[in-house]
Amino acid sequence: MLAAPPQTHSSSSQSNGHLDGHANEILIRLDADILPDGDFGHRVLEVTRAEIRVFDGDKLSTRIPISDLKSARNEPLVSGGRLEVILQSGALIPVVAYSMSVAAQFSEAARGVEQLIEGKPFSINQKTEKTRCEKCKRILPEKDGICPACINRTAALLRVGSYLEPYKAQAAWLAFLSIVTTVINLAPPTIQGALIDRVLEPRRDIGLLWQLIALWFFALAGAVVLQVVSARLTTWLAGQIATDLRAGVYRAVEFLELQFFDKKQVGQITSRITQDTDRVWGFLAEGLPFLLSNLLLVIGVLFLLFQVSWKLALAVMAPIPVVVFVGIYFWDHQSTLFQRVSSRWGRFHTHLNEALTGIRVVKAFAQEDYENQKFTRFNSQLKEAGIVADNYWHTIFGAMSFCTSLGALICWSVGGYFVFTGELTLGSFWRANAYLGLIYGPMQWFAQVNNWFSRAMAGAEKIFEVMDAKPEPYNRSGQKPEISGHVRFQNVRFGYDKSNPVLKNLDFEAKPGDFIGLVGKSGAGKSTTINLICRFYEPDAGALLVDGLDYREMDLQHWRRNIGIVLQEPFLFNGTIADNIAYGKPDASFEEIVAAARAAEAHAFILGKSDGYDSIVGERGGKLSGGERQRISIARAILHDPKILILDEATASVDVETEKQIQQAMKRLVEGRTTFAIAHRLATLRNATRLIVLDKGEIVESGTHAELMDKNGEFAKLVRTQSEINEIIGVTQ
Ligand code: ADP
């Protein structure tokens with residue numbers, strides 16, 4: 001429950017007169033969705049530099065001057081939270097309550113209010129992830145993702161269809177075969193009608209009986225053969241399209257901006273290449289042929305029914321609109337229910353995954369029972385959603401079956417009456433009845449094909465979302481100059497989220513051959529600086545000049561070919577040692593690979609392996625020790641021969657002997673290159689040309705190791721802290 005608007009602040013209305021436009025500018029405006037009495041409803045929160053306001057509908061109900069505040073915070077409630085402020089007097093005032101779906105925005109709002117109270121620059125992240133569809137308000141399966149109910153299915157289908165372009169001839173054949181198959185499938189009722197009218201009723205011409213039976217047999221056999229041929233062709237075509245889609249989406253993923261990967265989890269991206277393409281494939285291979293062949297069948301049946309008797313045709317068609325109406329009208333709710341089942345499955349999977357991968361933590365903290373309770377909860381939620389969805393489905397299906405049976409009833413009443421009056425022969429009546437039997441079955445399933453279609457098109461849309469996402473600027477025509485290794489950060493500002501800069505006004509230079517050590521506390525911006533050098537991200541303001549040229553003018557791949565990286569945890573691909581060393585230069589000769597390995601002090605241990613350079617390193621290099629992996633990654637960098645080198649604490653956690661070898665290899669590696677090194681063990685930076693000390697994205701000091709130690713500033717403090725920690729570690733070991 002929210003308290004009534006505070007009455008103590010009537011003075012704020014007076015101060016309002018003094019507010020200038022700047023102070024009155026609305027910095028935050030958020031819709032809160034819970035009323036003071038705890039019910040759902042609409043309230044609006046506004047924050048300016050001067051005050052916090054809450055509106056109930058159009059009415060301003062609360063007004064609190066920022067100058068009266070001591071702090072702001074978010075108080076979690078059962079299914080959401082509440083924004084609260086604490087006055088200078090110590091009194092706590094609840095401002096607005098909100099549900100979970102908007103909680104992230106309100107926690108940013110509290111942060112913003114705190115910044116205003118403290119007089120700090122106002123900078124919060126107002127871009128929030130969408131959890132609900134803006135159009136239909138349904139919960140999205142993925143944050144910021146696509147709403148399966150609102151996608152333009154026709155557009156998605158047309159785009160999938162455009163993948164048929166290279167296989168036009170096969171598609172045309174398939175269409176032709178489907179038409180012929182439909183015609184043949186329509187033959188048996190016609191044959192049966194003729195049998196009744198021309199043989200059975202008059203009881204003559206037994207020869208005709210055998211001829212018609214033979215025709216029926218050939219129709220059946222022909223239909224089966226054609227169905228097999230069409231099915232094989234369809235499978236082939238669907239396979240081609242799915243392969244092309246997978247290839248397209250994979251290629252797109254490889255070239256995407258890193259920002260895309262920041263927002264999505266790897267699992268979500270891989271599921272687009274696997275699950276979503278599989279859904280499209282499933283629909284193309286089974287759903288679409290079913291839909292098209294049955295549509296053709298319905299058209300054929302209607303045409304023939306009208307030929308038999310237009311009156312009977314109209315009568316038996318009466319339930320069709322009802323079936324279609326039931327399918328479409330109730331389907332909407334049904335699909336929401338199915339979606340709920342699928343999102344509960346998602347939650348169920350996530351829990352299962354977490355509980356099993358973290359089984360050691362679960363056991364170590366003796367939380368088996370707790371996890372079990374959680375599982376039981378998810379399990380029963382899944383059951384409930386499943387039962388509701390299935391029950392609803394059975395009801396709709398029952399209603400549709402009833403309509404279908406009505407069709408048969410009408411056919412027998414109207415048709416029976418016509419036979420009785422002589423308007424229709426018994427054979428024609430039989431034909432009409434048999435035609436109807438062909439289509440009422442498939443019609444019940446049309447609603448389900450709709451679901452199938454929706455899910456496949458939602459999958460297609462997700463694939464296209466990746467394909468259409470902004471790729472890195474590979475295509476920007478760029479220069480490919482010879483690079484000497486002079487790098488200059490010129491007033492560089494950058495933030496992963498533009499409103500929240502992580503690097504501010506970074507300005508320094510590295511001459512060719514310099515060894516620059518980047519130092520600072522965790523979160524200071526060292527890795528971000530490296531990310532900018534690699535051009536994984538580009539500066540928001542300022543520029544990074546390479547030999548005097550803005551590196552954005554340069555061809556991206558050309559620039560990256562000039563950079564070598566040796567990471568703290570080197571990543572090796574599952575393949576041979578030789579393949580891994582030659583990763584950056586696949587055409588390297590064996591002699592070059594060996595020379596690089598020698599320079600990296602890796603040759604001796606490689607020869608010690610049973611298959612030498614052909615030894616398989618295992619997934620992520622798991623069959624090698626940490627020191628071996630590191631030396632292979634150094635060899636990889638040496639062979640790559642970059643002008644610019646990036647080292648991320650390359651000498652961590654190895655024994656003294658290996659460390660010596662690695663140091664030796666490093667010395668050779670950095671020679672003649674401009675090197676940027678992040679070293680967590682500051683002693684390793686003694687020989688650096690210059691150290692750049694970062695704090696909160698700004699350079700606070702720079703100079704050689706000796707200069708900075710003499711200065712006794714931030715760097716000296718870091719060194720002291722580190723040696724104290726080392727002592728503590730030394731004592732505890
Ligand atoms: P360091 O390497 O000095 O430890 P980083 O450069 O990794 O620091 O991080 C600087 C700041 O940027 C941190 O506040 C961190 O949370 C943030 N940050 C780092 N990577 C990302 C990312 N991919 N998306 C959003 N914020 C990030």
Side-chain angles (χ1 to χ4, degrees), residues 104-105 107-108 111-112 114-115 120-121 123-129 142-144 253 256-269 469-472 487 489 491-508 510 516-542 544 563 565-571 644-653 675-682 684-685 688 690-702 708 713-715 717-719 721-722 725:
Q105 299 171 23
S107 79
E108 279 295 302
R111 203 161 71 86
E114 287 260 300
Q115 288 168 350
K120 286 186 180 163
S123 131
I124 61 165
N125 182 6
Q126 301 216 41
K127 246 191 342 207
T128 43
E129 288 168 325
E142 276 176 25
K143 279 184 186 164
D144 262 346
V253 165
L256 279 182
E257 276 190 330
L258 275 178
Q259 257 128 339
F260 192 87
F261 295 90
D262 289 342
K263 282 190 213 131
K264 304 254 184 247
Q265 290 155 9
V266 173
Q268 289 176 350
I269 300 174
K470 199 166 147 220
E472 287 195 278
V487 178
F489 273 72
N491 295 326
V492 168
R493 180 163 52 100
F494 170 77
Y496 293 96
D497 164 16
K498 280 191 175 43
S499 65
N500 195 6
V502 171
L503 297 180
K504 300 158 207 155
N505 229 5
L506 217 58
D507 201 286
F508 69 91
I516 304 288
L518 294 168
V519 189
K521 288 184 214 137
S522 171
K526 304 179 294 289
S527 309
T528 308
T529 310
I530 297 296
N531 283 342
L532 283 193
I533 297 175
C534 295
R535 219 169 128 189
F536 292 147
Y537 303 88
E538 294 181 349
D540 295 332
L544 216 148
I563 302 178
I565 305 185
V566 178
L567 294 173
Q568 183 176 11
E569 261 306 315
F571 190 97
I644 315 258
L645 189 66
I646 285 163
L647 305 179
D648 184 4
E649 178 89 323
T651 54
S653 59
T675 305
F676 296 87
I678 300 181
H680 302 287
R681 291 181 310 156
L682 303 172
T684 56
L685 292 176
R690 198 141 34 89
L691 302 182
I692 307 275
V693 185
L694 292 172
D695 188 28
K696 296 192 185 117
E698 281 171 302
I699 300 181
V700 285
E701 268 177 300
S702 84
L708 293 182
E714 192 64 27
F715 179 69
K717 208 160 90 192
L718 283 172
V719 173
T721 318
Q722 194 159 67
I725 292 172

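First listed ligand is number 1; within each ligand, the first listed atom is number 1. Hydrogens, waters and symmetry mates are skipped; everything else that's a heavy atom, side chains included, is used.
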Which ligand 1 atoms does [X] reach within 4.0 Å, using its non-hydrogen atoms?
X      : result
Lys526 : 1 (P), 2 (O), 3 (O), 4 (O), 6 (O), 8 (O)
Lys521 : 3 (O)
Val502 : 10 (C), 11 (C), 12 (O)
Thr528 : 5 (P), 6 (O), 9 (O), 10 (C)

[X] vs [Y] side-chain heavy atoms within contact, under 4.5 Å:
X      : Y      : value
Lys521 : Asp695 : yes
Val487 : Leu544 : yes
Asn531 : Phe494 : no

Q) Can a protein heavy atom be found under 4.0 Å away from atom 23 (N) of ligand 1? A) yes
Q: Please check if a non-hydrogen protein atom sits closer than 4.0 Å to atom 15 (C) of ligand 1.
A: no
Nearest-neighbour protein heavy atom for [atom], which is reported as residue plus atom name and distance:
atom                    : result
atom 17 (C) of ligand 1 : Tyr496 CE1, 4.0 Å
atom 2 (O) of ligand 1  : Ser527 OG, 2.6 Å
atom 1 (P) of ligand 1  : Gly523 N, 3.4 Å

Q. Below 4.0 Å from any atom of ligand 1, is there a heavy atom belonging to Gly520?
A. no
Q: Return the set of residues passing salt bridge (Lys or Arg N to Asp or Glu O under 4.0 Å) with Lys696 (not counting sequence neighbours), or none when no residue passes.
A: none
Q: Could you tell me whether Arg111 and Glu114 make a salt bridge, using a distance below 4.0 angstrom between a side-chain N and a carboxylate O?
A: no
Q | Tyr537 and Thr528: side chain donor to acceptor below 3.5 Å | A | no
Q: Using the test side chain to side chain donor-acceptor pair (under 3.5 Å), find all partners of Ser702 that sit at least two apart in sequence or belong to another chain.
A: none
